[in-house]
K.L.:
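Submitted below is the structure of interest, expressed as structure tokens.
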There are 2 protein chains.
Amino acid sequence: MARVTITQVAAHAGVSVASASRALNGLIASPQTVAKVQHAAEELGYVADATAQSLKRGRTNQLVYAVADIGNPVYVEMMTAVERVVSASGYRLVLSSMGTLSSSVDVVRDLSRGYVDGMILSPLRVTDELLAVLAKTPVPVVVLGHLPDSQSIDNVRADSRTAMRLVVDHLAAEGRRDVTFVNGPSDTTPGAFRRDGFAAAVAAHPEILARSVEAEDFTIGAGYAAARRVLSGEFRPDAIVAANDLIGIGVIRAAEDFGLSVPGDIAVTGIDNTELAGVVRPGLTSVDLGADERGRAAAELLLQRITDPARPAHTIAVAPSLVVRGSSLARRPDPASSPTRDHTEHTDLNEEREAG
Amino acid sequence: MARVTITQVAAHAGVSVASASRALNGLIASPQTVAKVQHAAEELGYVADATAQSLKRGRTNQLVYAVADIGNPVYVEMMTAVERVVSASGYRLVLSSMGTLSSSVDVVRDLSRGYVDGMILSPLRVTDELLAVLAKTPVPVVVLGHLPDSQSIDNVRADSRTAMRLVVDHLAAEGRRDVTFVNGPSDTTPGAFRRDGFAAAVAAHPEILARSVEAEDFTIGAGYAAARRVLSGEFRPDAIVAANDLIGIGVIRAAEDFGLSVPGDIAVTGIDNTELAGVVRPGLTSVDLGADERGRAAAELLLQRITDPARPAHTIAVAPSLVVRGSSLARRPDPASSPTRDHTEHTDLNEEREAG
DNA sequence: ATGAAAGCGCTAACAG
DNA sequence: CTGTTAGCGCTTTCAT
């Protein structure tokens with residue numbers, strides 16, 4: 001199918017390109033002109049060329065959500081929230097992954113070239129290089145993830161400190177005393193903040209013995225491998241705090257391999273409260289970091305930034321909440337923690353207990 | 001940051017825009033011109049405007065993967081495979097979701113406007129309207145998912161018939177005789193083909209009593225709800241074949257609610273062999289439909305189509321393979337099916353048995 | 001209400 | 001090797 005241009009439509013309709021353009025865009029034109037043009041466009045199968053239109057108008061009506069780790073369902077959840085907001089404002093949202101194939105700096109630079117009217121970024125690592133590119137990019141940006149406070153970039157963040165406090169307080173209350181934190185890479189933004197949050201949280205609990213290890217990344221497999229190292233080591237904790245749900249699920253699997261009962265022998269918690277947390281058995285206690293809310297907030301910030309580029313940068317922090325499931329209940333015999341418990345009366349997959 | 005154009009760079013470097021363009025694009029230019037231009041570009045923070053470049057060149061160097069159900073991890077897996085191939089050829093890949101927010105027809109029509117040089121589509125439903133739009137879209141398309149044979153559109157498909165046969169043969173061999181198929185919506189492409197495949201497969205097993213129900217969609221929650229209906233009904237099967245892994249996981253949860261042991265009381269199988277199948281307990285027996293392979297094949301077809309638009313349309317079918325895990329083992333007491341089995345010697349998350 | 005013409009930022013002939 | 005010029009397809013003054 002060869003591309004048909006507005007010139008051809010105009011010729012076919014017997015009017016000038018200007019009239020054709022006006023008719024097509026609903027600007028002032030006589031009814032008969034509109035009719036002729038629409039008929040011609042229909043007949044020829046005309047669709048306006050997006051690049052030409054964008055060049056002329058200076059807008060693409062397209063926004064992008066660029067994410068480092070699309071394998072993590074929490075980012076899918078955020079994207080869905082973003083899409084809901086921006087599509088209501090007439091924008092199309094595309095997703096761009098900045099994985100190992102292309103660095104986040106390259107992606108941002110590329111996107112800055114005018115393919116999109118704005119972008120929301122969820123980078124795993126905020127390097128100086130990335131900040132430099134971000135500072136001089138001509139397209140509006142909001143970062144979904146912690147940013148150094150000095151930056152004048154719109155920013156939506158979770159509250160890792162409170163999240164870790166909720167988890168540690170909960171474990172302490174359930175009687176756990178030897179807690180190991182299985183972090184993701186601590187040179188990532190979430191890794192660094194969750195590490196610091198954990199340290200601060202356990203500092204408030206002198207009765208707790210705390211240790212930390214790092215998984216290679218934020219995946220089930222890496223969590224599994226890291227937990228195997230922990231469990232085969234000299235000290236066997238009675239609780240493992242995972243830096244996210246995927247790592248937490250890997251930890252549960254590793255505990256199972258070692259013949260340990262969760263939560264009987266060892267409690268496990270995650271972060272993000274993804275759907276998976278409610279699906280594995282035992283259910284994974286997790287901190288909800290408000291993915292939907294963060295996605296929504298980021299989208300709204302971006303739309304406002306586009307509307308008013310001179311507006312001062314905002315930072316929004318979303319409050320976390322703890323969702324308790326079977327994986328972290330107290331050691332005392334508790335029928336609720338049994339995976340064969342009868343749920344016949346339930347209609348919900350996640351038999352959870354709100355807290356925090 | 002205001003956009004800086006090549007005109008400004010040229011002026012700053014004291015050369016013509018043509019020379020600036022040539023220097024920037026590595027075409028013939030004297031070393032000193034190149035130096036001056038690069039220096040000027042650097043200093044001004046010049047980035048070529050993508051829309052202008054695309055308009056002029058007639059290419060965007062951008063491909064899109066449009067998918068209906070981004071919540072299903074199998075599509076993420078396919079996208080990753082697609083990205084690997086296309087990025088090796090210098091294209092950027094973006095993902096576009098065609099969910100409830102925008103129909104697939106709208107997405108295709110929109111994308112056809114020139115934002116991308118090609119697209120790979122994974123639609124849930126192939127309507128006549130979609131086929132009509134596809135037939136007249138000026139940008140190369142390959143469809144990842146079954147297409148009517150009459151279409152002259154590049155197409156990569158799974159082999160649902162063989163997939164269902166593998167599952168049913170396996171269950172029959174394991175001694176199951178009362179098998180219920182929990183399909184997704186049968187008005188979707190995968191739903192229709194898996195339904196037909198199941199029917200054909202059980203037809204070869206007169207010893208099996210077969211029934212079917214439909215889940216509202218291909219999600220864990222819908223699978224859970226559908227399975228609850230099945231299990232609270234008059235006839236309780238000794239095996240449930242789920243139309244995909246997510247539904248299968250929901251089925252396992254429902255069985256648990258009813259106090260049924262999987263696979264002791266009831267076997268469960270899935271389709272897609274996603275990572276989740278190896279993570280739930282018991283491990284979910286699943287048919288691998290070759291997501292990686294299909295993604296790769298689709299990407300290659302698209303690149304070839306872009307290179308040679310006149311090339312006849314190809315159809316590629318990828319062969320499935322059965323991956324047996326604990327959820328479908330024989331009813332006879334088998335320690336391997338116990339969720340608390342000791343896996344200390346394993347280093348892999350998926351203790352699976354290849355077959356088929 | 002309509003047409004002629006300019007021009008968005010860039011690349012590619014074409015002359016020199 | 002370089003500068004001048006045309007033009008990608010579209011929208012938008014500016015006259016009429």
Side-chain angles (χ1 to χ4, degrees), chain A residues 1-38 40-41 44-62 109-117 137-139, chain B residues 1-38 40-41 44-62 110-117 138-139:
Chain A
M1 280 280 164
R3 217 167 232 318
V4 21
T5 72
I6 198 173
T7 309
Q8 301 172 41
V9 173
H12 198 82
V15 300
S16 70
V17 288
S19 290
S21 173
R22 279 186 292 250
L24 258 6
N25 290 303
L27 302 180
I28 39 176
S30 74
Q32 56 261 42
T33 298
V34 172
K36 281 187 295 184
V37 171
Q38 280 182 343
L44 270 42
Y46 171 76
V47 276
D49 181 87
T51 56
Q53 231 170 11
S54 297
L55 176 61
K56 185 63 194 173
R57 298 211 240 239
R59 299 181 301 108
T60 63
N61 274 323
Q62 186 171 250
R109 204 174 270 138
D110 213 37
L111 260 19
S112 300
R113 299 185 37 208
Y115 280 116
V116 296
D117 295 343
T137 187
V139 350
Chain B
M1 279 279 163
R3 219 167 232 314
V4 21
T5 72
I6 199 173
T7 311
Q8 301 172 41
V9 173
H12 198 81
V15 300
S16 70
V17 288
S19 289
S21 173
R22 281 186 291 251
L24 258 7
N25 290 303
L27 303 180
I28 40 176
S30 74
Q32 57 261 40
T33 299
V34 173
K36 281 188 296 186
V37 171
Q38 281 182 344
L44 270 41
Y46 170 76
V47 277
D49 181 86
T51 55
Q53 231 169 11
S54 297
L55 177 59
K56 184 62 192 173
R57 298 212 242 238
R59 299 181 299 110
T60 62
N61 274 324
Q62 186 170 251
D110 212 37
L111 259 19
S112 299
R113 299 185 37 209
Y115 280 118
V116 297
D117 296 342
V139 348

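Because the structure is a prediction, the values reported are computed rather than measured. Letters A, B, ... are given to chains in the order of the sequence lines, protein chains preceding strands, and every chain is numbered from 1.
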K.L.:
When you measure from the side chain of A:Asn25, which nucleotide among C:dG9, C:dA13, D:dT11 comes out closest?
P.N.:
D:dT11
K.L.:
So which one's nearest nucleotide on DNA chain D is more toward 5', B:Gly14 or A:Tyr46?
P.N.:
B:Gly14
K.L.:
D:dT11, OP1 or OP2 - any side-chain N/O from A:Ser21 closer than 4.0 Å?
P.N.:
yes
K.L.:
Specify the separation, in whole Å, of atom CZ of B:Arg113 and atom P of D:dG9.
P.N.:
15 Å
K.L.:
Closest to the B:Ala29 side chain: D:dT2, C:dA12, D:dC10?
P.N.:
D:dT2
K.L.:
B:Lys56 has an atom NZ; how far is it from atom C1' of C:dC8, in whole Å?
P.N.:
13 Å
K.L.:
Sort out for me which residue in B:Lys56, B:Arg57, B:Arg3 forms a salt bridge (charged side-chain N to carboxylate O under 4.0 Å, His left out) with B:Asp49.
P.N.:
B:Arg3
K.L.:
Is the distance from OP1 or OP2 of D:dG3 to the nearest side-chain N or O of B:Ser19 less than 4.0 Å?
P.N.:
yes
K.L.:
Within the structure provided, determine whether A:Ile6 and A:Ser21 are in side-chain contact (heavy-atom separation under 4.5 Å).
P.N.:
yes
K.L.:
Respond yes when some side-chain nitrogen or oxygen of B:Gln53 is under 4.0 Å from OP1 or OP2 of C:dG9, and no when none is.
P.N.:
no
K.L.:
Could you give the CZ-to-P distance, from B:Arg3 to C:dC10, as a whole number of Å?
P.N.:
8 Å
K.L.:
Examine D:dC8: is either OP1 or OP2 under 4.0 Å from a nitrogen or oxygen in the side chain of A:Thr51? Give yes or no.
P.N.:
no
K.L.:
Taking the side chain as every heavy atom from C-beta outward, state whether B:Thr60 and A:Tyr115 have any atom pair closer than 4.5 Å.
P.N.:
yes
K.L.:
Would you say B:Ser54 reaches D:dC8's phosphate, i.e. side-chain N/O to OP1/OP2 under 4.0 Å?
P.N.:
no
K.L.:
Send over the distance from B:Ile6 CD1 to C:dC10 C1', rounded to a whole Å.
P.N.:
7 Å
K.L.:
Among D:dC10, C:dG3, C:dT2, which nucleotide has an atom closest to any side-chain atom of A:Ser30?
P.N.:
C:dT2
K.L.:
Let me know the distance between CG of B:Asp49 and C1' of C:dG9, rounded to the nearest Å.
P.N.:
6 Å
K.L.:
For the pair made of CG in A:Leu24 and C1' in D:dG9, what is the distance, rounded to whole Å?
P.N.:
13 Å
K.L.:
In whole angstroms, how far is the C1' atom of D:dG7 from the CG atom of A:Leu55?
P.N.:
12 Å
K.L.:
Would you state whether a donor and an acceptor, one from the side chain of A:Arg22 and one from the base of C:dG3, lie under 3.5 Å apart?
P.N.:
yes
K.L.:
Round to a whole Å and report the spacing from NZ of A:Lys36 to P of C:dA1.
P.N.:
14 Å
K.L.:
D:dG3, C:dT2, D:dT11: which one has an atom nearest the side-chain heavy atoms of A:Ile28?
P.N.:
C:dT2
